[in-house]
Amino acid sequence: MLGGDDGMVYLGCEFPARDEYRELLIEHSMKIGKVLSSKGCRDRFAIDYVVRKVEGKWEAFAIEINLRWGGTSHPLIFAKHVTNSMLTPNGLLLGADGINKFYVATDNV
């Protein structure tokens, strides 16, 4: 989520990504992960994406790759542990109760 006067200030995140493009982000992230792994990366990494819809089709652009935890990592890990959930291959957070978990996080309080 971006905001501010110029629309370029990080305000936080929503989880999960929208259904319309979540699989696209997973597909791109898996490809990037395989390349990073082939180069010796053995730990977490974070990817910032810009997505847009052109003529009815979603496009995703990786604009930044960090070889560290990103700003959205901590809310995900916190939500995972607080709700006793696990991340599924299709990018959802499934609780032990069988219910998907959702959240909005910000560091602008």
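Residue numbers count from 1 along this sequence.
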Any Leu93 side-chain heavy atom under 4.5 Å of Lys80 side chain: yes
Between CG on residue Asp43 and CH2 on residue Trp69, distance to nearest 0.5 Å: 8.5 Å
Check: Cys13 and Val104 side chains under 4.5 Å, non-hydrogen atoms: no
Min side-chain heavy-atom separation Glu23-Asn90 under 4.5 Å: yes
Same apolar cluster (I L V M F W Y, side chains within < 4.5 Å links), Tyr49/Ile65: yes
Any side-chain heavy-atom pair of Lys101 and Leu92 under 4.5 Å: no
Single-linkage hydrophobic cluster, 4.5 Å side-chain cutoff, Trp58 and Ile47 together: yes
Closest non-hydrogen atom pair between Pro89 and Ile26, with its separation: O-CD1, 3.7 Å
For the student: nearest non-hydrogen atoms of Gly4 and Val9, plus distance: CA-CG2, 4.1 Å
Hydrophobic cluster membership, Leu24 vs Val51, 4.5 Å side-chain cutoff: yes
Hydrophobic cluster membership, Leu25 vs Ile32, 4.5 Å side-chain cutoff: yes
Atom pair CG/CG of Asn66 and Asp48 - distance to nearest 0.5 Å: 6.0 Å
Side chains of Leu94 and Ile99 in contact at under 4.5 Å (non-hydrogen atoms): no
For the student: nearest non-hydrogen atoms of Gly91 and Arg22, plus distance: O-CD, 3.4 Å
Ring geometry between Tyr103 and Phe15 (parallel below 30°, tilted from 30 to 60°, perpendicular above 60°): parallel
Close side-chain approach of Arg44 and Ile77, heavy atoms under 4.5 Å: yes
Donor-acceptor pair between Ser37 and Arg42 side chains, under 3.5 angstrom: yes
Gap between atom CZ of Phe45 and atom CZ of Arg68 - 0.5 Å precision: 13.5 Å
For Asp6 against Gly3, the heavy-atom pair lying closest together: OD1-O, 4.2 Å
Reported NE2-to-CD distance for the pair His28 and Glu59, which is rounded to 0.5 angstrom: 9.0 Å
